[in-house]
Number of protein chains: 2
Amino acid sequence: MKISAQEEFGLRCLLQLARADATGELLTLAQIAGREGISVANAGKLMWILNKAGLVQSQRGIKGGYHLARPASEIHLNQVIRVLDGERVDSHCKSYAGVLDACVHTGDCGIRPVIVELHQIVDNALSEITLSQLLDTEANVDATLHQIQITKQRTEQRA
Amino acid sequence: MKISAQEEFGLRCLLQLARADATGELLTLAQIAGREGISVANAGKLMWILNKAGLVQSQRGIKGGYHLARPASEIHLNQVIRVLDGERVDSHCKSYAGVLDACVHTGDCGIRPVIVELHQIVDNALSEITLSQLLDTEANVDATLHQIQITKQRTEQRA
DNA sequence: TTTAAAGTTGACTTTAAAGTAAGGTTTCGC
DNA sequence: GCGAAACCTTACTTTAAAGTCAACTTTAAA
């Protein structure tokens, strides 16, 4: 139940675009990849997925790049995660029918609704968060870290 | 952000034990594996993990088997998932320090708190659910499916 | 005390995800 | 138009997780 590498870096790239969105500038693959510490090829793959899903828009040719398809405040995390996850698999249980009487449909079983419910809980939690909210959180964390740095420096000065 | 095979089948095995807990009987690896449609070796691996984590207890020797270490109502899903997940990785971002000024600690970066927050949201949601609650949900689903079967039969009888 | 049932452990094989690479296509500036 | 910049697409390689196998250890009953 942990976040996958594709989900994490895809989300990071979207946050890059969300920051750039304020100034209206486009970001190229090289810029995105460089800032995230991943290869241009990998960034291209992620952006292709996000583009196909309609979360970002691309401008081809020289002076091209990527930008968000919608305002950051209208992009919810459950949409992002669902897109980057590929096809959502509700259960790993295959051909379970017949083992228990509770199984009434081929490839289905009584426990599967439980798994589905878990995914819905996660989905609901993620649907409450937007990209712009993440940017706010990030800003607060940065301020906190900066404060820690200052406190640390003062402590060292006293010593 | 999907459930892994190990998490799903580990949870399934725990539910088996939770059902057996009512009658006080022990379940052998062969029984658990057979009911879940997985190999005995795989079931043994899962139960070893759960045993090491203190969620189940084993009785060795002839007439042996497994049972829950605590009542099903006291086992929360976040504990189960955390155990079956192995070491929780908060972020896939390695050696990110230096790429952005926001990185103040080795191997840490400004976006990581966002990932941590996501995991906490999931963890909180899972901590609200116990094994016994899942059994209740399952019973309701079974009843619903049974009702559908009856309705279907009546419809067929009319035709 | 012997024996068989049952759990334990580590090595091996398989499989799916992640990342990489290369060529193709589109667009803008000159 | 011509070329360079930038995105698009498919195929390949690498790597980590999952599952399997086989030998070992422990336990309890006869």
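The structure presented is a predicted model; accordingly, all values stated were derived computationally and were not measured.
Here B/S4 reaches the OP1 or OP2 of D/dA18: one of its side-chain N or O atoms lies under 4.0 Å away. Contact annotation: B/Q59 side-chain N/O to D/dT26 OP1/OP2 distance is not under 4.0 Å. Between B/S39 and D/dC21 there is no side-chain polar atom (N or O) within less than 4.0 angstrom of OP1 or OP2. OP1 and OP2 of D/dA18 both lie 4.0 Å or more from every side-chain N or O belonging to B/N42. For the OP1/OP2 pair of D/dC7 and a distance below 4.0 Å, the side-chain nitrogens and oxygens of A/W48 include no atom meeting the criterion. Using a 4.0 Å cut-off, no side-chain N or O of A/N51 falls inside it from OP1 or OP2 of D/dC7.
The side-chain heavy atoms of B/L126 and B/H76, taken from C-beta on, include no pair separated by under 4.5 Å. Inter-residue side-chain proximity for A/I129 and A/N78 is flagged as unmet; no heavy-atom pair is nearer than 4.5 Å. For the pair A/K2/B/K2, no side-chain contact is recorded, criterion being any heavy-atom separation below 4.5 Å from C-beta on. Contact annotation: the side chain of B/D85 never approaches that of B/Q6 to less than 4.5 Å [non-hydrogen atoms, C-beta and beyond]. Put simply, the side chain of B/E74 does not reach to within 4.5 Å of the side chain of B/T130, judged on heavy atoms.
The distance from atom CD of A/Q57 to atom C1' of D/dC7 is 14 Å, rounded to the nearest whole Å. The NZ atom of B/K2 sits 12 Å away from the P atom of C/dA16 (whole-angstrom rounding). Here D/dT20 presents its C1' atom at 14 Å from CZ of B/F9, a figure rounded to the nearest Å. Protein atom CG of B/L29 is 9 Å distant from nucleotide atom P of C/dA6, rounded to whole Å. Atom-to-atom, CD of B/Q6 to P of D/dG19 comes out at 7 Å; the value is rounded to the nearest Å. Atom CD1 of A/I38 is separated from atom C1' of C/dA18 by 12 Å (rounded to the nearest Å). Between the P atom of D/dT9 and the CD1 atom of A/I49 lies a distance of 12 Å, rounded to the nearest Å. Remark: P of C/dG19 and CG of A/L84 are 12 Å apart, rounded to the nearest angstrom.
Considering only the side chain of A/Y66, D/dC7 comes nearest among D/dC21, D/dA28, D/dC7.
A donor-acceptor contact under 3.5 angstrom links the side-chain atoms of A/K45 to the base of C/dG19. Taking only distance into account, the side chain of A/R60 meets the base of C/dT25 through a donor-acceptor pair shorter than 3.5 Å.
Of all nucleotides present, only C/dT9 satisfies the Watson-Crick or G-U wobble test against D/dA22, with each distance under 3.5 Å.
With DNA chain D read from its 5' end, the first of the two nearest nucleotides for A/A30 and B/L46 is the one closest to A/A30. Where A/I62 and A/A41 meet DNA chain D, the nucleotide closest to each residue was compared, and A/I62 sits on the side nearer the 5' end.
Residue-level contact check: B/G65 touches the backbone only, with heavy atoms under 4.0 Å from sugar-phosphate atoms and none from bases. Counting any heavy atom pair closer than 4.0 Å across all strands shown, A/A5 reaches sugar-phosphate atoms only and no base atom.
Side-chain atoms of A/Q57 and A/R70 include no donor-acceptor pair closer than 3.5 Å.
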